[in-house]
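Letters A, B, ... are given to chains in the order of the sequence lines, protein chains preceding strands, and every chain is numbered from 1. The figures that follow rest on heavy atoms only: side chains count, while hydrogens, waters and symmetry mates do not.
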Amino acid sequence: MLPPTYEAKKYEDGIYKKWESSGAFKADPKSGKPAFSISMPPPNATGVLHLGHAVMLALQDILTRHRRMKGYEALWLPGTDHAAIATQNRVEKELAKEGATREKLGREAFLNRVREFVADSQDTIRNQIRRMGASCDWTRERYTLDDDLSLAVTEMFNRMHEDGLIYRGYRIVNWCPRCKSTLADDEVEHEEVQGNFYYILYPFKDEEGGLIVATTRPETMLGDTAVAVNPKDKRYKKFIGKTIMLPLLNREIPVIGDEYVDIDTGTGALKVTPAHDPNDFAIGQKHKLETIRVMDEEAVINEQGGPYKGLDRFTARKKVLEDLAGLGLLQKTEALFHNVGHCYRCSTMVEPLTSDQWFIDVNKKFIVKNPKNLGWKKKEATLKELSIHAVKNGNIQIIPDQFNKTYFHWMENLRDWCISRQIWWGHRIPVWYCKDCDEIIVAREAPAKCTKCGSKNLRQDEDTLDTWFSSALWTFSTLGWPKETEDLKFFHPTSVMETGYDILFFWIARMILMTTYGLNDIPFKTVYLHGLIRTREGKKMSKSDPSTCIDPLDMIEKYGADSLRMSMVIGNTPGNDMRLYEEKIQGYRNFTNKLWNASRFVLGILEEKGVQEEPKIGKLSDADEWILGKLNTVIKLSDEGLTEFRISEVGQALYDFLWNDFCDWYLELSKGEKQNPAVLYHVLKAILLLLHPFMPYVTEGIWANLPGQKSMLIGHAYPKTDGKKYGAESIQGLIDVVGKIRHLRAENKIDPAKKIPITVYGHKATDDLARNKADIERLARMSGLTLMEKGAKVANAATDVVNGIEIFIPLSGLVDLDKERERLQKEIANLERYIGGLKRKLDNKQFVANAPQNIVAQEQARLAEAEEKLKKFKSSSGS
RNA sequence: GGGCGCUUAGCUCAGUUGGUUAGAGCAUCUGCUUUACACGCAGAGGGUCAAAGGUUCGAAUCCUUUAGCGCCCACCA
């Protein structure tokens, strides 16, 4: 016999081991079943599982288990991501504690150190994913730095280069001086900071006066190569072509005219620093200005900065301002709130600067080899066009659909993607330079000699690729691409991509871009974006502030994985954030225990009756019909709901069915004489199957005790409705009557232990009630139920009416009759108000004329019922 | 500066295409050793669905405006 309280801890690990060793998670492309596949968003190989992972694991496991039970060959492919900058930062921090740096260690030693660290944390993550109950196929686990996946990266780089989509350019990029690397546009986080607007006088060289420019970053003036004004600006037009003497460095720079300059912003005169501002860079290109970079990779002023050399950018700013003030050139300083870019990995202020980098051209046409897959009608396309087309055309469905707009907006405004990073941890860029003739060689393998001059004096590019380059290939690189593997053919495109909406751009968009290009196909059919888990106060859970964080492993330890899963999944609708706190998890722990005990009760009956295997269902009682009908409804809702990704709704429906229908009524009714072990078995079995995707552990644990079930639950088919119609009225009537009696007892404070007689009148409904008389008496704790079609009103009784049935509880000696009369008057007033409303509605000719017939009939029926009820109340109250 | 979302009971949230007197869980209150479960059982109180206007026979639901909160995007110095 099962113990009275379910202790998740005692069962979970053992159950997971059985699943895994039985091969239940393994997917076979040759099974002959239809394919269903999910690529697990690979957690960073940097540490521990957090709630963000936990929620995605729960949702994906629900979908995977449901489809597996539905007869799909379900593959859920797990893996980890090397997470270039994030991982490198972690290890660098560790090194810093030891007083070391990566430079001191050297490239190879440093990479070994990172590999050690990654191996450790990968192990941790694997076990944590298992503890969540994730039914993923571990035999196919992948890592972005696996040989096969690196091969895919190199192949893709080469193909894109051959198509002219990857190019090297001297451009202005986002630079993180702490990471000493470039960042992609969306890796820059804009944050409003308080800064200052400095107005500086730039004197003319050959005459009196000058132009006043305004800037927030005065230190960049060291790299100024022009001052620009709008040619339409009447104030300044005449100065175009004149020469300015750049203060501090006394360098001559021209005044130029450019439409870009906004007459009304600042002073209307713009200092132009092509090397340190993207707009200025564009102006510089247009006017063929010199580009003078004044900072090095750590944002320290270099030799171009003359006397400021060696100062970091903020110290330099102070010094520059002091010197300008000393010269009387600093005209005024104005406080200004403005947005400044910060590194998304380390929050350091980003410095725009020029440098040689590799880019993906998103606007260049290439030939689409296999346009049919995507329904693309032209021969050529740009990356941008194809990515937009894949979603616009309906090939990819995004849930919730309001994110379509966000996606399109982002894609339409996408600029070339800078993919080279000046860090060591990651995929080394497959490019070699000839030291003798400067030839650039892009290749799949290290070339032996220069393709142009034959020199063997080559060096590989020092840089690595943006981590999102390799993750963008994830759905197909993990299945073997570029090889035409069985897995790739069968499982790609994947069925669902399930993830938080926070990585829509970083990842989802880039997967679409790479897949539509590389495979001329979509990476997934449906994108399901779940809401982010927040704290009780609605704040983001932050790793830097552990007090706001709920650790999923703690919760699993305390309440079990099933409870945690339910708490994250119910109430979590796509795109909407959800708050989570411990009491919620506790609530689902209680639910888990409820299931456990309901099962314990049923199993006890089965044992008592000597049930050895699943019994055949024979004759049905009213209660049996009622619960089987409810079961059909909940099966239909669950199956359709999970197919249509309404996961929260299904979880809620199952919760209600188990607790309210099955436990509160059917099991209570089963305590009477009409107990039916076959139906108890059948419904419990269905409940376990239906709840299994949500709560895999406890359902599997109970299943093992179900007599006659020899194989594990995980491999069983999802329940189907039986197509039969069942009668529900008599039990519904019973529920209503019992409810009313309980209510009357409580209202009148009748001692719960006291068994009292009750009289019920009511048309043919009494036949149904008579069949279940004993049950009503037991459930409502009565000594005798008198059922009559009609009769004289019972004096001195508490009374109520439901479904045309009148209920009388004789009160003499039990309670205060005045109080009961008062209650009744309140009921009558309430009812009269209700009837008034219905009458007004039905008297309204517009309503009768315009509303659909069934609605009008419905309102009429309601009115009739209410009036009948009122009549009975009035006669009982003696008025 | 653009775009999106949210506002329903004390708290956290459901509410499908407009159609019962708007629901659940938690919390609160009143009771209960009722032979699975106190991680339980029975009952109760609690909401003019953010505000105003509109469409409609009928609005929490559709439209407009307003307010508050939150998020995303953006190279105005």
Exercise for the section: Remember a base hit wins even if backbone is also touched, and classify E583(A) as base, sugar-phosphate or nothing at under 4.0 Å, heavy atoms. Expected result: nothing

Problem - Which nucleotide in A77(B), A36(B), G5(B) has an atom nearest any side-chain atom of H338(A) - result: A77(B)

Problem - N844(A) side chain vs R840(A) backbone, donor-acceptor pair below 3.5 Å - result: no

Practice task
Would you indicate what F403(A) reaches in the nucleic acid, counting non-hydrogen atoms under 4.0 angstrom: base, sugar-phosphate, or nothing?
Solution key: nothing

Practice task
Is it possible for you to check whether K671(A) lies under 6.0 Å from the centre of the six-membered ring of F601(A), through NZ or CZ, and within 45° of that ring's axis?
Solution key: yes

Practice task
Would you mind classifying the nucleic acid contact of R589(A) as base, sugar-phosphate or nothing, using non-hydrogen atoms under 4.0 angstrom?
Solution key: base

Handout entry: Main-chain N/O of E192(A) paired to N339(A) side chain as donor or acceptor, under 3.5 Å
Key = yes

Practice task
Just call it for D186(A): base, sugar-phosphate, or nothing, with non-hydrogen atoms closer than 4.0 Å on any strand.
Solution key: nothing

Problem - Pairwise C1' distance for A60(B) and A22(B), with rounding to whole Å - result: 8 Å

Handout entry: Pairwise 5' ranking along RNA chain B for Y581(A) and C663(A), keeping only the more 5' one
Key = Y581(A)

Practice task
Identify whether any heavy atom of K271(A) sits under 4.0 Å from a base atom; if not, whether one sits that close to sugar-phosphate; answer base, sugar-phosphate or nothing.
Solution key: nothing

Problem - G58(B) versus G1(B) - spacing of their C1' atoms, nearest Å - result: 42 Å

Practice task
Look at all strands and tell whether F591(A) reaches a base, only sugar-phosphate, or nothing, counting heavy atoms closer than 4.0 Å.
Solution key: nothing

Practice task
Check every strand shown and say whether R600(A) touches a base, only sugar-phosphate, or nothing at a heavy-atom separation below 4.0 Å.
Solution key: sugar-phosphate

Handout entry: Complementary nucleotide of A50(B), counting Watson-Crick and G-U pairs under 3.5 Å
Key = U66(B)

Exercise for the section: Determine the interatomic distance between P on A24(B) and the same-named atom on G18(B); round to the nearest Å. Expected result: 24 Å

Practice task
Would you classify P352(A) as touching base, sugar-phosphate or nothing, given that sugar-phosphate means primed atoms plus P, OP1 and OP2, and contacts are heavy atoms under 4.0 Å?
Solution key: nothing

Problem - Nearest-angstrom distance, C1' atom, A74(B) to U8(B) - result: 35 Å

Problem - E187(A) and Y344(A): side chain donor to acceptor below 3.5 Å - result: yes

Problem - Nearest-nucleotide pick for Q402(A), side chain only, options being C4(B), A36(B), C39(B) - result: C4(B)

Practice task
Compute the ring centroids of F694(A) and Y588(A), then answer whether they are less than 6.0 Å apart.
Solution key: no

Exercise for the section: Would you mind classifying the nucleic acid contact of V213(A) as base, sugar-phosphate or nothing, using non-hydrogen atoms under 4.0 angstrom? Expected result: nothing

Exercise for the section: Ignoring backbone atoms, test whether N597(A) places a side-chain nitrogen or oxygen under 4.0 Å from the OP1 or OP2 oxygen of C39(B). Expected result: no

Exercise for the section: Identify whether any heavy atom of N844(A) sits under 4.0 Å from a base atom; if not, whether one sits that close to sugar-phosphate; answer base, sugar-phosphate or nothing. Expected result: sugar-phosphate

Problem - Any N593(A) side-chain nitrogen or oxygen under 4.0 Å from OP1 or OP2 of C39(B) - result: no

Problem - Phosphate contact (C13(B) OP1 or OP2) by K584(A) side-chain N/O below 4.0 Å - result: no

Handout entry: Strand partner of G25(B), provided both Watson-Crick or wobble distances fall under 3.5 Å
Key = C11(B)

Handout entry: Polar pair under 3.5 Å, donor/acceptor by atom type, side chain K594(A), base C37(B)
Key = yes

Exercise for the section: Pick base, sugar-phosphate or nothing for R415(A), based on heavy-atom distances below 4.0 Å to the nucleic acid. Expected result: base

Practice task
Answer yes or no: side-chain N or O of E668(A) and base N or O of A36(B) forming a donor-acceptor pair under 3.5 Å.
Solution key: yes

Exercise for the section: May I ask you to check whether D258(A) and Y260(A) show a side-chain donor-acceptor distance below 3.5 Å? Expected result: no

Handout entry: Sugar-phosphate, base or nothing in reach of T273(A), heavy atoms under 4.0 Å
Key = nothing

